[in-house]
Amino acid sequence: MKEIIHNVYIIEREGKEILVTKSKYGSHYGERKIGEFREWIPSRSKLAAMILKGHVIDIKPDWKVLYLGAASGTTVSHLADIVDEGIIYAVEYSAKPFVKFLQLAEERRNIIPLLEDASTPWKYNGIVEKVDFVYQDIAQKNQIEIFFANIDMFLKDGGEGVIMVKARSIDSTAEPEVVFDRVVKELGEKLEVVAHGSLEPFHKDHIYVHVRKTK
Amino acid sequence: MKWNVWFGEVVEEDGKLIAKKSSDLVESFKNASNPEALPFNLPEVGLQVFESLEDYYRTLRKIAIKVTSEKVEKELKREDRYVILLLKALDKLNESINMLEEKLRDIEEVKISETTEDFRERIEELKRLRRRIEKEIEDVITKIAPNLTEIAGAVIAARLLEKAGSLERLAFLPASKIQILGAEKSLYKALARMRRGKPAKTPKHGIIFIHPFIRTLPKRKRGRMARFMAAKLAIAAKLDYFKGELDESLAESVRKKYEELRREKDKPKKEESKQERREEKQKKKKKKPKHR
């Protein structure tokens, strides 16, 4: 058993190494519960995939997080295990998956659910505080613009940001590599790009980009 | 300067930030928008009106869950629009598939080539898309109109929704209108004849005719079944719109009525059975009777 960051471990199970988070809570999306751990499935969560690809962000237990594109809460449930003394402001536009998400929000004490459009951050500007970490997983064409707008409004100076980019949702005709190059360059114009890489084989044609807000 | 925040307002007076707690936190939460980034950190200023940070977050979370649950519920009701648009697209897709298949058959009669094979593959793709749309319509209609779906099935429920225009409008329709939704043409034809003083029959059923409970009954009983079903559908639409929870007794009563009507066939009145035989004869002659 190896601790990676707060409450995130790699444990051995039936001869295989699997990623887990230490959790007081039960299964949320059908993941296995192994003792006090919940399996963090990389094909379901891009953040888990990023960690297994070897890029680890040292998320602190007391971090305030703005999570854009929370959907039904697969990744948020694990992130909530990690920031067990912090707060996650979780934004999602679509009502249908948020029904399930609300169950999670009722269960955990560190999740603030917001049914809002991430492309209009001023609408929740009087709710969300300054955060240490902005995480975005939204399959929209203007996702970079959305990321910038939210970082401008809510990320502390020196704070971290991660965006999961799907090539096809930005440009379905261009080669993924071309799209990714363009995205990384665009992000680099305003933010410090700490790292980026592919999420294969867990998620096809996806990359993560880790940025930092440095003035 | 003044900012709208979830717990009320923050105002700047003599260079100092002063928090004012709203008497209606739900309302202030909904109006917490500001065009520019706040020049202060919310929980810090919030401490002026909350006992502790714990109190601050506990209250924020409570209000957020309350407002979001209400919003989610309201949004889901808007999914009727989604179903209607999907259904319209599905109709167009069906037309296209039929038309393309016909053209392909024409070509294949002349020559089968790589191009025709590719053609066929594309049509198969469209058919897969059709199945997906049908599945999605079924999923959504079952969720937003569980009572209508339980009584009428996904297809009829979605059609009724389409004809009415929205779940709200369907909920306010009288049963008599629901009964003939989809048969407007023959209804107005009949009404026009009546106005001219000519004998005419108004239609017994519109979309709901395709329901097996109506279709499988003999003609003379269909009117009664359609009327009964429409009455229950009208209740179902109201339940779905205002409550959204399934009441199984509704569909059960429709089934009972159907069994009742079907059994009645075993001991028909003499007159009726004569009439029925006549109808059967006509049916055989015409082969395809019009239902409207």
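Below, each value reflects all heavy atoms present in this structure, side chains not excepted, and no hydrogens, waters or symmetry copies. First the proteins, then the strands, lettered A, B, ... as listed; each starts at 1. Just so it is clear, the model here is predicted, and its values are computed rather than measured.
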- Query: So with a 6.0 Å cut-off around CZ of A/Arg32, is the heavy-atom count from everything else above 12?
  - Reply: yes
- Query: So, for A/Met153 and B/Pro35, which heavy atoms are closest and what is the spacing to 0.1 Å?
  - Reply: CE-O, 3.2 Å
- Query: If you count the non-hydrogen atoms of other residues, nucleotides and ligands that lie under 6.0 Å from NE2 in A/His196, is the total more than 12?
  - Reply: no
- Note on the structure: With chain B, the option among A/Ala95, A/Ser94, A/Pro113 that has the most non-hydrogen atom pairs under 4.5 Å is A/Pro113
- Message: I'd like to know which of B/Asn4, B/Leu38, B/Asn31 tops the heavy-atom pair count under 4.5 Å against chain A.
- Response: B/Leu38
- Where on A/Glu106 is there a heavy atom nearer than 4.5 Å to chain B: the side chain, the backbone, both, or neither? both
- State whether the number of non-hydrogen atoms from other residues, nucleotides or ligands found under 6.0 Å of A/Lys100 atom NZ is greater than 12. yes
- Message: So which atom in B/Glu36 and which in A/Asn125 form the shortest heavy-atom distance, rounded to 0.1 Å?
- Response: O-ND2, 2.5 Å
- Message: More than 12 heavy atoms of other residues, nucleotides or ligands under 6.0 Å from NZ of B/Lys21: yes or no?
- Response: yes
- Query: Can you say whether B/Asn34 sits under 4.5 Å from chain A via the side chain, the backbone, both, or neither, judging by heavy atoms?
  - Reply: both
- Message: I'd like to know whether CD of A/Glu175 has more than 12 heavy-atom contacts from other residues, nucleotides or ligands below 6.0 angstrom.
- Response: no
- Query: Can you say whether A/Tyr93 sits under 4.5 Å from chain B via the side chain, the backbone, both, or neither, judging by heavy atoms?
  - Reply: neither
- Item | Under 4.5 Å from a heavy atom of chain B, the part of A/Ile87 involved | side chain
- Under 4.5 Å, heavy atom to heavy atom: which of residues 49-73 of chain B reach chain A? Give them by number, or say none. B/Tyr57, B/Leu60, B/Arg61, B/Ala64, B/Ile65, B/Thr68, B/Ser69, B/Lys71, B/Val72
- Which bit of A/Leu102 comes within less than 4.5 Å of chain B, counting heavy atoms only: side chain, backbone, both or neither? side chain
- Message: Please check if the number of heavy atoms outside B/Lys143 that lie under 6.0 Å from its NZ is greater than 12.
- Response: yes
- Counting only heavy atoms closer than 4.5 Å, note whether B/Phe29 contacts chain A via side chain, backbone, both or neither. both
